[in-house]
Undergrad: 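Here it is, the structure, as structure tokens.
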Amino acid sequence: MHTDLENTATQDKSGTFAIDAVRLIAELNALAKFTSVEPSAEGTAVTRVVFTEDDLRARAWLKLLATEAGLLIREDAVGNTFFRWIGSEPNLPAVATGSHIDAIPHAGMYDGTVGVLGGLEAIRALQRSGVRPRRSIELVLLTSEEPTRFGIGCLGSRLLSGTLEPVRADALHGTQRGCEEETLAEVRADAGFTGPLAGVRLFENYYHAWVELHIEQGPLLEREDLPLGIVTAIAAPASYRFTIEGIGGHAGALLMPDRRDALCAAAELILSIERHTLATGAIDSVATVGTCDVYPGAVNSVPSRVTLQLDIRDTDPTRRERVMQAVRGDVEALAARRQVHIAETLVNADEPAICSPHIVEVLNEVCRANGVAAKQMVSRAYHDSSFIARIAPIAMLFIPCRNGVSHRPDEHASPADIALGARVLASALGKLASE
Ligand code: HGY
Ligand code: MN
Ligand code: MN
């Protein structure tokens, strides 16, 4: 016999659960303090790179909160951490929610953390309401959603879903300057995560349903004055590394006609990427060269080697590939003209993730019951849900972020929007866990 969530006395009329917004916001502010960056005039700057002291301290703090909530904790070999509330029928596939707490350098305090702490508060709200879900409900902290340290995003969820080979993952080297020698295998072991990565993978339909709460990281909800978005698809991310090798030399003595300047060639390559992306005429085609490492990096030395990291995305992977083909044509011509060598390395090229129509409908039902208008939308940011989608039906809930800003210290979501997102999440998890 399982408790029918719909008739629980402690729910309010719309079948939703009271969120302790004060506690949730306080916990978000507390989590934001696990960072090494100086306070920024623009807002609460956070840098929390995976497996750094800040990350490990934040994980330990989160485990204390989860223990207080009576959740069972499991960590896998790459640090994905599972906080389970056992249901009345524990052998059924669980319902899960979660996100990430790692943050890129000088980022904001809401990207990922709203999904982790909002998910925890959603579970506590369900607990406070007195329900006992049929299916267990699990909060998941996913390791290294950001590509900062190892150059590939969603490391933990890729391994969970079998999208990244364990051997390749452990051999990944650091991509941050001065960390090129470290490997994931060493870094995760130093952080206390040992054991074979092959044991991380979860089987198909390990979860009955997965819902991730996240800030939109774009301007649409705020522009349309809507408090919630329901994601129907997640754009297809890809990333590449380009190494340009020329000939270095003395900035004074090496004459211009004799130069094979790697940085000038890199500049042409970056503009080629921008030009071909704009040329698609599609608003969903985006490309960014976010890092440019110049060697030897001295003002009076002609650059002999440059490494670029390209992040290119589209809702249509074939259109994304057409841009890459056009860039490759330019690369060939520019390498010949400038007599430099340009090597392209594929890091990842993923398909878009399609959300489960059933879970999308459950989210819409909950929004209707709460009298909340929600926008059906595509996510242009990628998320761990992109890869959980390979092994379970997923959907995402978005809340607005001020001016659509993210990955910056002035990233901001309002307490009211965060609380509403957690409230709708709680109701959806409760419904899905009673299926
Ligand atoms: O880059 C992304 O889309 C995500 O925020 N890591
Ligand atoms: Mn991010
Ligand atoms: Mn994120």
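We count ligands from 1, going down the list as the structure has it; atoms in each ligand are counted the same way. In this text the structure is predicted, and so the values were computed from the model without any measurement.
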Undergrad: How close does the nearest protein non-hydrogen atom get to atom 5 (O) of ligand 1, and which residue and atom is it?
TA: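 Sorting protein heavy atoms by distance from atom 5 (O) of ligand 1 puts His407 NE2, 3.1 Å first.
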Undergrad: Roughly how far, to the nearest 0.5 Å, is the CD atom of Gln127 from the CD atom of Glu121?
TA: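 It comes to 9.5 Å.
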Undergrad: Which one holds for Arg380 and ligand 1: side chain close, backbone close, both close, or neither close, with close meaning a heavy atom under 4.0 Å?
TA: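 Contact part for Arg380 vs ligand 1: neither.
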Undergrad: When rounded to the nearest 0.5 angstrom, what distance separates CD in Glu411 from SG in Cys401?
TA: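 Here the interatomic distance stands at 6.5 Å.
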Undergrad: What part of His383 sits under 4.0 Å from ligand 1 if we count only heavy atoms: the side chain, the backbone, both or neither?
TA: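 Neither part.
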Undergrad: Taking NZ, NE, NH1 and NH2 as the nitrogens, is one of them in Arg275 or Asp330 under 4.0 Å from a carboxylate oxygen of the other?
TA: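 Result for this pair is yes, salt bridge flagged.
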Undergrad: For a salt bridge (Lys or Arg N to Asp or Glu O under 4.0 Å) check, start with the C-alpha distance between Arg241 and Glu180, then their side-chain angles and the critical distance, and finish with the verdict.
TA: CA-CA 14 Å; Arg241 223 183 326 277; Glu180 297 82 357; over 6 Å; no
Undergrad: Which atoms form the tightest heavy-atom contact between Cys367 and Val424, and what is the distance?
TA: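 Reported closest heavy-atom pair: SG-CG1, 4.1 Å.
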Undergrad: For atom 6 (N) of ligand 1, what is the closest protein heavy atom, and at what distance to 0.1 Å?
TA: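 Minimum-distance protein heavy atom for atom 6 (N) of ligand 1 reads Glu146 OE1, 2.8 Å.
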Undergrad: Does ligand 1 have any atom that is closer than 4.0 Å to a heavy atom of His100?
TA: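 No, that is not the case, since the closest heavy atom of the residue is not under 4.0 Å from the ligand.
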Undergrad: Please give me the protein atoms (N, O or S only) lying under 2.8 Å from the Mn ion (ligand 2), ordered by chain and number.
TA: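 Listed by chain and number, the nearby protein N, O or S atoms are Asp111 OD2, Glu146 OE2, His407 NE2.
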Undergrad: Nearest protein heavy atom to atom 1 (O) of ligand 1, by residue and atom, and its distance?
TA: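 For this ligand atom, the closest protein heavy atom is Arg313 NH2, 2.7 Å.
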Undergrad: According to the interplanar angle, ranging from 0 to 90°, do the rings of Phe34 and Trp61 count as parallel (below 30°), tilted (30 to 60°) or perpendicular (above 60°)?
TA: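 Phe34 and Trp61: tilted rings.
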Undergrad: Tell me whether Arg74 forms a cation-pi arrangement with Phe82, defined as NZ or CZ under 6.0 Å from the six-membered ring centre and within 45 degrees of its axis.
TA: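 Output yes; distance and angle both within limits.
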Undergrad: Salt bridge check: are Asp384 and Arg158 linked by an N-O gap of less than 4.0 Å?
TA: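 Judged by the 4.0 Å cut-off on N to carboxylate O distance, Asp384 and Arg158 do not form a salt bridge.
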Undergrad: I need the atoms of ligand 1 closer than 4.0 Å to a non-hydrogen atom of Ala381, numbered in the order shown.
TA: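 Under 4.0 Å from Ala381, ligand 1 has these atoms: 3 (O).
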Undergrad: Looking at Arg328 and Glu321, does any basic side-chain N land under 4.0 Å from a carboxylate oxygen?
TA: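 Salt bridge: yes.
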